[in-house]
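Here is the structure we will look at, set down as structure tokens.
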Amino acid sequence: MNSNHYVAIMAGGIGSRFWPMSRSSYPKQFLDILGLGRTLIQQSYDRYSKVVPAENVFVVTSAEYVSIVKKQLPDLPPENILAEPSRKNTAACIAYIAFKLQTINPDAVMIAAPADHLVTETTQFVTTAQTALQFVEQNNALVTIGIKPSHPNTGYGYIQHEMTTVAPEVFKVKTFTEKPSEEIARAFIASGDFLWNAGIFTWKISAILEALEKHLPEVFEVFAAERSHFNTEGEQKAIEKIYPLCTNTSIDVGVMEKASNVYVIPADFGWSDLGTWNSAWDNMEKDYFGNAVVGKQVMVVDANNCMVHVPDNKLVLLQGLRDYIIVDTPDALLICKKEKEQQIKEYVAEVKRNMGDQYL
């Protein structure tokens, strides 16, 4: 493995669509949503440790989750956990790790990726990641991974690319489109030059800092002003000074949609962003009637296509339901039609209005 290669796992999100399992104090990246025996962030760490040296894996997370990260990733050096004092989206997160890595190793090449995605074909994933790393080492390029679409999903962003490669498996990006309508998504897939945006990025540290300076100067400048404090005892104090001044924007909107040196690698490694309970159901083993069940004492009678996630120590008898999400936790129970899952975020807001924060 190359000692100049690094990974930043972004793990600061709340994951409210996975309520009531995912809570603001313990969100989905720290949960074993699919019942596989490893949480999503643990799976991410396992995966990226096959791509870069394990000591070169960093996690950027909210300050309130640092103790959870330490517990779930005991092999991760504590100094590799970066604590954000507030949530300012992915541009600030990436600027933080980029400035830090620049002071550690100016020749660093970095992959930045969410902690809460699912990848089922690890070998193919590692191959794709290595292709991206090799390309950016030789080019001043910002590379993203595009997933070959299997259906017109309206919950994903789409990347349109040129039809000819600039290097083996690498295409120049033409456009980004956020969450299109189903009609437009169908047209995208039919055209053959659109991919789902996986939000996995690769670049030289020098290239992303140059792009931030050009396209998001308001973010670049607040970090640059405190550059001398990175990797010193004053780093956390500097970060607490920077974040209130930082624009709340994504790296996609702030940089990738504006830059001219953006490329995409099409891939197919069993990817899902696990954004909803339906996406979890899609990726789980199911019984003969299409029910996906996590829980050791679940009895199903005349029920079809349900997503069931309950504690192992609770007996649950499910009868007569079709296409439902059933999620039980010690203090909250969700029973929701699968077709209404996009409203879960709204239901959680209603819970907050009526019940306060205790169930969030």
Side-chain angles (χ1 to χ4, degrees), residues 6-16 22-30 40-41 44-45 55-74 76-106 108 110-116 199 201 203 205-206 208-256 352 357 360:
Y6 295 80
V7 166
I9 298 173
M10 299 179 285
I14 302 174
S16 59
S22 181
R23 306 293 178 94
S24 59
S25 61
Y26 214 94
K28 71 168 180 172
Q29 59 268 33
F30 305 118
L40 293 174
I41 194 171
S44 293
Y45 177 79
E55 63 271 18
N56 286 7
V57 177
F58 285 74
V59 172
V60 189
T61 191
S62 177
E64 64 191 293
Y65 304 146
V66 168
S67 61
I68 305 175
V69 174
K70 286 180 178 178
K71 184 175 180 181
Q72 293 204 0
L73 301 177
L76 188 73
E79 61 270 20
N80 287 22
I81 304 172
L82 280 59
E84 295 184 289
S86 57
R87 292 182 180 86
K88 288 297 180 81
N89 216 316
T90 52
C93 172
I94 284 167
Y96 183 5
I97 184 65
F99 273 93
K100 186 174 177 71
L101 287 180
Q102 187 191 40
T103 63
I104 295 172
N105 180 355
M110 175 181 74
I111 297 173
D116 53 3
F201 308 105
W203 40 54
I205 293 300
S206 55
I208 188 58
L209 288 177
E210 182 183 308
L212 284 165
E213 185 173 19
K214 181 176 182 180
H215 302 293
L216 268 182
E218 65 274 26
V219 171
F220 178 88
E221 286 163 11
V222 292
F223 278 92
E226 302 292 331
R227 191 194 305 254
S228 62
H229 296 294
F230 286 98
N231 298 300
T232 73
E233 290 182 359
E235 178 176 321
Q236 197 57 41
K237 189 174 180 181
I239 287 300
E240 286 168 6
K241 183 178 176 183
I242 289 167
Y243 265 67
L245 306 173
C246 226
T247 309
N248 187 339
T249 189
S250 71
I251 199 73
D252 300 78
V253 172
V255 171
M256 301 300 278
K352 182 174 182 177
D357 293 340
L360 306 186

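For the pair Ser62 (side chain) and Tyr65 (backbone), a donor-acceptor distance under 3.5 Å is absent. Of the possible polar contacts, one joining the Asn231 side chain to the Lys100 backbone as a donor-acceptor pair under 3.5 Å is found. Of the possible donor and acceptor atoms, none in the side chain of Thr247 sits under 3.5 Å from a partner among the backbone N and O of Val219. No donor-acceptor distance shorter than 3.5 angstrom exists from the side chain of Glu235 to the backbone of Leu82, with no hydrogens or angles considered. Counting only distance, with no hydrogens or angles, the side chain of Asn80 and the backbone of Val57 share a donor-acceptor pair below 3.5 Å. Ser22 places a side-chain N or O within 3.5 Å of a backbone atom of Ile14 that can act as its donor or acceptor partner.
Identified under the salt bridge (Lys or Arg N to Asp or Glu O under 4.0 Å) test for residues 76-97, with sequence neighbours left out: Glu64-Arg87.
The shortest distance between side-chain heavy atoms of Ile242 and Phe99 does not fall below 4.5 Å. A heavy-atom distance below 4.5 Å is found between the side chains of Phe201 and Asp252. Residues Tyr243 and Val222 fail the side-chain proximity criterion, which asks for heavy atoms closer than 4.5 Å. Counting only heavy atoms from C-beta outward, the side chains of Val66 and Val59 never approach each other to under 4.5 Å. Contact annotation: the side chain of His229 never approaches that of Lys241 to less than 4.5 Å [non-hydrogen atoms, C-beta and beyond].
Qualifying side-chain contact (heavy atoms from CB on, under 4.5 Å) partners for Asp116, counting only residues two or more places apart in sequence or in other chains: Lys28, Gln29, Leu40, Pro114.
Shortest non-hydrogen contact noted between Ala92 and Phe223 is O-CZ, 3.5 Å.
Ring planes of Phe30 and Tyr26: perpendicular class, angle over 60° (limits at 30 and 60°).
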